[in-house]
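Each chain gets a letter, A, B and so on, in the order its sequence line appears, and its residues count up from 1.
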There are 4 protein chains.
Amino acid sequence: MINTTSKRAILLETSLELFVDQGIQKTSMALISEKSQVAVGTIYHHFKSKEELIEGVYLEILESLGKHIAFTHEEEQLDFKSRFDLLWRKGYDYYTQFPNRFRFHDTYSYSPLISNQLREYARGYYQVAFDLIQEGIREGMLINTNPVLIMRWLYNSLSTIIQIKLNHEFEVTEDMVSTTLEMAWKSLTYK
Amino acid sequence: MINTTSKRAILLETSLELFVDQGIQKTSMALISEKSQVAVGTIYHHFKSKEELIEGVYLEILESLGKHIAFTHEEEQLDFKSRFDLLWRKGYDYYTQFPNRFRFHDTYSYSPLISNQLREYARGYYQVAFDLIQEGIREGMLINTNPVLIMRWLYNSLSTIIQIKLNHEFEVTEDMVSTTLEMAWKSLTYK
Amino acid sequence: MINTTSKRAILLETSLELFVDQGIQKTSMALISEKSQVAVGTIYHHFKSKEELIEGVYLEILESLGKHIAFTHEEEQLDFKSRFDLLWRKGYDYYTQFPNRFRFHDTYSYSPLISNQLREYARGYYQVAFDLIQEGIREGMLINTNPVLIMRWLYNSLSTIIQIKLNHEFEVTEDMVSTTLEMAWKSLTYK
Amino acid sequence: MINTTSKRAILLETSLELFVDQGIQKTSMALISEKSQVAVGTIYHHFKSKEELIEGVYLEILESLGKHIAFTHEEEQLDFKSRFDLLWRKGYDYYTQFPNRFRFHDTYSYSPLISNQLREYARGYYQVAFDLIQEGIREGMLINTNPVLIMRWLYNSLSTIIQIKLNHEFEVTEDMVSTTLEMAWKSLTYK
DNA sequence: TATGAATGAGGATTCATTCAT
DNA sequence: GATGAATGAATCCTCATTCAT
C-alpha cells in the first residue's frame, strides 16, 4: 500500500516535470513510463487515462497549495493587513519552493486541457483567499469591487514577481518582493 | 499577388482561431487545411512547418498590437499620466477587439511552443511601453523599480480584466475597467 | 517469447521480399504491415525506424551468410585449392538457395541506403574469406595483389553467374558453374 | 534552341549528381529544380515525368559510353588481343573520367527503377563489346561459353577495380589496373 | 498489481504533377 | 518556353490505450 502511494506520487512528480519542460501534449505516456521507471500498463492502473493523469497533477498542486496557505489558529487572530501579507507571502513561498508547480499552474490552468468543471472544483482549495478578500471588502479595508477581480489581481501580482524570478530575467531581491506586495496592497486599498 | 497575401492571412486567421479553441497541439494541419479551404501542401508552401506557422501567428499578433498602441505625434505631446492611461486603454481596446489574439498571447506566450529567441525578438513591437515606463521612472512619476517588473505588472493588470470579460465570469462595466486602470496607476506611483 | 522472435523474423522476411521486388523506397511501412499481418505500430516496436529495418535485413543476410560459409573443423584440414573451391561453392549455394538475399545484397550493399559504418561492421561476417585470401597470397598460391581487390573479384565472379541464373537469361548448367569457378581460380593464380 | 539543349543537359547532369549522392527516390523534383536553377515547371517541359528523367539519365550515360568505346577504322585493324585490351581500357577510361556515371550505372542498372525494356534497348550501345566477344569465341581466342556470361564477367572485372578506385579503399596504381585486365584475359582464354 | 508487446487511427510532412500567368 | 504557387495522396512515424501473462 505504501508502494502504491509512492508510485502514484512518482508518476505525478515525473509527469509534472515533463509537462512543464516539453509541454503536456508532447509528453507521451511512454516517456513518462521511461523516466519514472514505471511500466506503461502500471500508469493505467493508477490513472484511467492521460486526461486523468493531467487532472491528477493539477489537483495535487492545488490541494498542496491549499494546505500550505491555510491559516493556523493563531494566525487567524492577526489583524487584516497582517493576514493579507501572510497569505501573499505563503503563496510566494509555495511557488518559489516548487517552481514546476508554478509553471504548470501558470501555463495550463486556463488552457483547454483543464476543464471548467475541474477549475471550479479546485476553487475550494483556495477558498481561504476568497474569504479573506470578502472580509476585507465587508470591513472596508479593500476597495469595493468584484472579489473575483481582486482574486485574479492578487494571483497576477504574485505571478509577476515569480515569473521574473524563475526566468532569471534579473535577480529578485527581498526588497523587490516586498515592493511587489506593497504594490498589490496599495492598489487594493483606499488611498 | 493579392491572392498570395490573402492566403497567408487566411491561414493565420484560421490557425489562430483553432489554436485558441482547441489548443495548438490538438489542432492538426489537416484541420487547418479544411477550415481555411487551403490544401495542406499549400500551407507548407507558406510556412515551412507547423512550428513556423505558430511563430507566424505569434508575430502577426504582436506586430499588429505594436501598430495599434503606437502614439500619434499629437499624443506624444500629452502629459505622462494621460499617456499612461492612453497606452493602457489602447492595449485594452486592442485585445477586446481581437479576443482570440488575447487568448493566444495569454495562453502561449510563455509556453515551450514559443522560443525564448522569438519572444526576445517580439519585444521590439512593444518598445513604446518600455520607453514610457522608463521615462516615468526617470521623471519620478513611477516608483523606482525594475522596468521589466513594471512591464509585466501592467500587462497583468490588463490581463486581469480582459480574462474576466472574455470568460464572462460577470459583466464588466466601464466603471470596472477604469477602476482596474486606477488600481494599476495607484500601485505604481508614490502615495 | 517465441512469438516475439517470430514477429521479428516475419518482418525481416517480408521486408526482404518487398524490398527486392519493388525497391526499398517504394516499399511503404504500411505495405510491410499489410503483407506481414503485423500492425504498423508493432513494426516500430521492433525497429526504431525504416532505416533500422533496412539495416536489420542487411545484417541478417550477412550474419546468416557468415554461418553458412564457415569451415567445419574437418574442412579446415583440406588443402588450399579445395578450400578455395569449397568457399566459392558455399557462397554459390547460399545465394542460390536464398535468391532474395542475393538480390538484396547485390542491389543495395553499395547504395546510399547502407551506411559505410554498417558495411564496415558487416565485414566481420565474411572474415573467413579474407583469411583464406591472405593465406593464399602468403603461401604463394594466389597472385600477390591487394586482398580487397581479390575479395571483390571473387564476389563478382559469384555474382556474375548467379545474376544470370536468377534473371533466367539462359539456363545455367552445373558445367557452367564449374566453368565460372575455374575462371575465377585461373585468373587469380600464376600460370 | 541552343538554350534548350543546354537546359536539358544541365538537368541531366544535376539529376545524375543528386541521384548518385542521395539515391533516386530521395531526390525530389523540387531539389533538382533548386540545384539546377531551373523552375519545376520547366523540368516538366523537358521530361514528361520523373520516370522519364531517370530514363534520360540512364540513356545519356549509355549513349555516351557507346560513343567512347567505338573503334576507329584504324583500331578495327588491330589483332584480337589488342582490341580486347583496348575495349577494356576504353571502358575503364570512360568510367574513371565520369565517376558519377559509373556509380549510377552500377547502382541502378539492375534496380526496379530501370525497366527491362529500357535495359534491352540500351544494349545496342555496347553492341561493339558483344561483337568482339562473339568474334573471340568463333576464332577460338576465348573460351566457349555463353557470350552473356562473358559480357557480364568483363563488366564485373571493370567494376571491381573502378569501385575500389572510387571508394578510395586504397590507392589504385596503373600496375593494379593492368593486373586486373590480365586477370580478366587469363580467365577467359585457354591456358 | 505489474508488465510491456501489440494495436491502428491520426499526425506532420513530402512530393510528383498541374496550370494559370 | 518558362515559371512557381497550388494540390492532395501518400509517407514515415507517434501515441493513447488495451490485454494476455
Expressed as a whole number of angstroms, how long is the span from [X]:[atom1] to [N]:[atom2]?
X     : N      : atom1 : atom2 : result
A:F47 : F:dT17 : CZ    : P     : 13 Å
D:I24 : E:dC15 : CD1   : C1'   : 16 Å
C:E34 : E:dA9  : CD    : P     : 13 Å
B:Q22 : E:dG10 : CD    : C1'   : 14 Å
A:K26 : E:dG11 : NZ    : C1'   : 13 Å
C:K48 : F:dC12 : NZ    : C1'   : 16 Å
D:I32 : E:dC15 : CD1   : C1'   : 11 Å
C:L11 : E:dA6  : CG    : P     : 9 Å

Any side-chain N or O of [X] less than 4.0 Å from the OP1 or OP2 oxygen of [N]?
X     : N      : value
D:H46 : F:dG1  : no
A:T42 : E:dT3  : yes
B:H45 : E:dT14 : no
A:S49 : F:dA16 : no

Inset, instruction - Would you name the heavy atoms of B:T14 and B:S36 that are closest together and state the gap between them? - result: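 Minimum heavy-atom contact is OG1-CB, 3.5 Å.
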Legend entry - Exercise: identify the closest heavy-atom pair between B:I61 and B:L16: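 In terms of heavy atoms, the two residues are closest at CD1-CD1, 4.0 Å.
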Calculate, to the nearest 0.5 Å, the distance between atoms [atom1] and [atom2] belonging to [X] and [Y] respectively.
X      : Y      : atom1 : atom2 : value
B:E51  : B:L118 : CD    : CG    : 9.5 Å
B:Q117 : B:E55  : CD    : CD    : 8.5 Å
A:H46  : A:E52  : NE2   : CD    : 12.0 Å

Listed nucleotide nearest any side-chain atom of [X], set [options]:
X     : options               : result
D:Y44 : E:dA16, E:dT3, E:dT13 : E:dA16
D:K7  : E:dT13, F:dT3, E:dT3  : F:dT3
B:K50 : F:dT7, E:dT17, E:dT13 : E:dT13
B:V40 : F:dT18, E:dT7, E:dT13 : E:dT13
C:V38 : F:dC13, E:dT7, E:dT14 : E:dT7

Legend entry - Stem regions touching DNA chain E, defined by at least 3 consecutive Watson-Crick or wobble G-U pairs below 3.5 angstrom: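 Stem list for DNA chain E: E:2-21 with F:2-21.
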Legend entry - Contact check, side chains of A:Y110 and B:N167, non-hydrogen atoms, under 4.5 Å: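 Yes, close enough: below the 4.5 Å cut-off.
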Inset, instruction - Find out whether D:I10 and D:E13 are in side-chain contact, i.e. whether some heavy atom of one side chain is under 4.5 Å from a heavy atom of the other. - result: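 Of all side-chain heavy-atom pairs linking D:E13 with D:I10, none is under 4.5 Å.
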Legend entry - Along DNA chain E (nearest heavy atom to each residue), the more 5'-positioned of C:I43 and D:S28: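 It is C:I43 whose nearest nucleotide is closer to the 5' end.
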Inset, instruction - Would you kindly compare A:Q25 and A:G41 by the position of their nearest DNA chain F nucleotide and give the one closer to the 5′ end? - result: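 The answer here is A:Q25.
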Inset, instruction - Could you check whether the rings of B:Y58 and B:F104 sit parallel, tilted or perpendicular, using 30° and 60° as the cut-offs? - result: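 Rings of B:Y58 and B:F104: tilted, 30 to 60°.
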